[in-house]
Amino acid sequence: MGAHQHGAHAHDSHPVPHPAPLSEPHDPAPTDPIAFWEQRYGSADRVWSGSVNRTLADLAEGWTPGRALDLGSGEGGDVHWLAERGWDATGIDLSSTAVARAQLAAAERRLEGAHFIAADLGRWSEDPAAIDGGAAPFDLVTASFFQSPVELPRERILRAAADRVAPGGRLVLIAHAAAPQWSSHHDEDFPTPETELAALELAEDAWEVAVAEVRERDGRGPDGTQHRLSDSVVVARRR
């Protein structure tokens with residue numbers, strides 16, 4: 001794997017508003033993934049709102065609960081929501097700080113079906129069952145906003161995610177399809193449903209693609225201002 005750990009974070013895409021700093025800008029963010037995300041989560045008591053990703057909620061509201069796996073689970077909003085609806089849900093995230101917050105919130109809400117693991121998803125992709133709880137596959141595997149400014153073997157991880165889906169189960173990928181208005185990353189490439197499916201290389205006789213589209217939604221920037229955001233959404237069901 002090399003010297004660097006790998007990870008990224010799913011979140012509700014609504015950062016908690018924080019006042020602008022009055023002091024000089026912080027030092028440049030580290031490039032090591034663990035250091036980067038620990039600095040990110042250590043910068044505030046809470047980074048995300050704690051709510052479920054709205055697109056995931058819209059998709060999964062009527063699905064029969066089973067075993068779920070959320071990759072890059074951040075502070076746990078998606079896993080908590082799934083557990084509240086009867087899923088036995090496990091979240092994996094690189095940041096031990098994020099995982100501790102997710103575990104605390106689950107305990108406070110008495111969500112016995114919510115579980116969290118601090119682990120490098122690059123390493124997980126090499127032997128998933130050794131990290132995520134056993135050989136049994138999952139009825140739902142999700143990766144929401146699984147994008148990172150630091151090193152991340154994203155395609156390899158997503159292909160491993162597809163391999164963890166049980167027959168009849170679903171893979172859900174939700175990604176920023178364009179930079180938010182407040183972002184400085186407008187010159188970067190963003191996933192599309194077409195590039196996501198091309199990277200997954202799903203066999204047509206083994207999978208049915210139920211959703212592959214860009215969806216618009218309202219989102220809130222770091223200063224609390226409302227914006228329109230674009231998400232790439234892919235839902236594939238294993239036959």
Side-chain angles (χ1 to χ4, degrees), residues 1-2 4-13 33 37 53 55-56 59-60 63 67-74 78-79 82 89-95 98 116-133 135-178 185 188-215 230-239:
M1 294 291 297
H4 291 307
Q5 300 284 313
H6 305 83
H9 297 256
H11 50 75
D12 56 27
S13 80
W37 287 110
N53 290 304
T55 301
L56 176 62
L59 291 167
W63 294 347
R67 298 182 70 238
L69 178 65
D70 184 34
L71 303 180
S73 51
D78 288 358
V79 172
L82 289 166
T90 297
I92 303 178
D93 200 279
L94 181 65
S95 169
F116 296 93
I117 300 167
D120 170 0
L121 285 166
R123 297 186 188 281
W124 168 86
S125 70
E126 297 172 351
D127 188 4
I131 292 175
D132 65 30
F138 292 86
D139 303 294
L140 174 63
V141 179
T142 65
S144 298
F145 307 109
F146 189 65
Q147 295 155 273
S148 177
V150 289
E151 185 182 8
L152 174 70
R154 185 175 185 272
E155 291 187 4
R156 176 157 56 86
I157 292 169
L158 295 183
R159 284 194 289 268
D163 289 341
R164 293 300 278 142
V165 178
R170 294 176 175 90
L171 175 67
V172 176
L173 307 182
I174 303 168
H176 296 296
H185 300 284
E188 297 182 7
D189 291 331
F190 286 82
T192 67
E194 293 76 18
T195 61
E196 298 282 62
L197 290 170
L200 288 170
E201 299 180 335
L202 301 176
E204 290 186 9
D205 61 345
W207 291 86
E208 173 192 0
V209 178
V211 178
E213 62 190 29
V214 174
R215 295 187 177 184
S230 299
D231 295 338
S232 167
V233 182
V234 171
V235 179
R237 188 166 192 177
R238 187 184 285 277
R239 300 184 191 276

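What you see below is based on every heavy atom in this structure, not just the backbone, and it leaves out hydrogens, waters and symmetry mates. If you read the sequence from its start, that first residue is 1, and numbering goes on from there. In this text, all values refer to a predicted model and were calculated from it rather than measured experimentally.
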Got a second to check how far D132's CG is from D127's CG, nearest 0.5 Å? 9.0 Å

Atom of P191, atom of Q147 and distance for their closest heavy-atom approach: CD-NE2, 3.4 Å

Closest non-hydrogen atom pair, A162 against R238: O-NH2, 2.8 Å

Is any side-chain heavy atom of L173 closer than 4.5 Å to one of L200? yes

So CG of L152 and CG of D120: to nearest 0.5 Å the spacing works out to 9.5 Å

Just to verify, what does T55 make a side-chain contact (heavy atoms from CB on, under 4.5 Å) with, not counting sequence neighbours? L59, I174, R215, R217, D231, V233

Would you compute the distance between atom CD of E196 and atom CG of L202 and round it to the nearest 0.5 angstrom? 11.0 Å

Determine the sole option in D93, L121, T90 for which the side-chain contact (heavy atoms from CB on, under 4.5 Å) test with L71 is passed. L121

Between CG of L69 and CD1 of I92, what distance do you get to the nearest 0.5 Å? 5.0 Å

Correct closest heavy-atom pair for A135 and R164 would be O-NH1, 3.3 Å

Which heavy atom of H176 sits nearest a heavy atom of F190, and at what distance? O-CD2, 3.3 Å

Can you list the residues that meet the side-chain contact (heavy atoms from CB on, under 4.5 Å) rule with E208, with sequence neighbours excluded? R239

side-chain contact (heavy atoms from CB on, under 4.5 Å) partners for A210, two or more places apart: V235

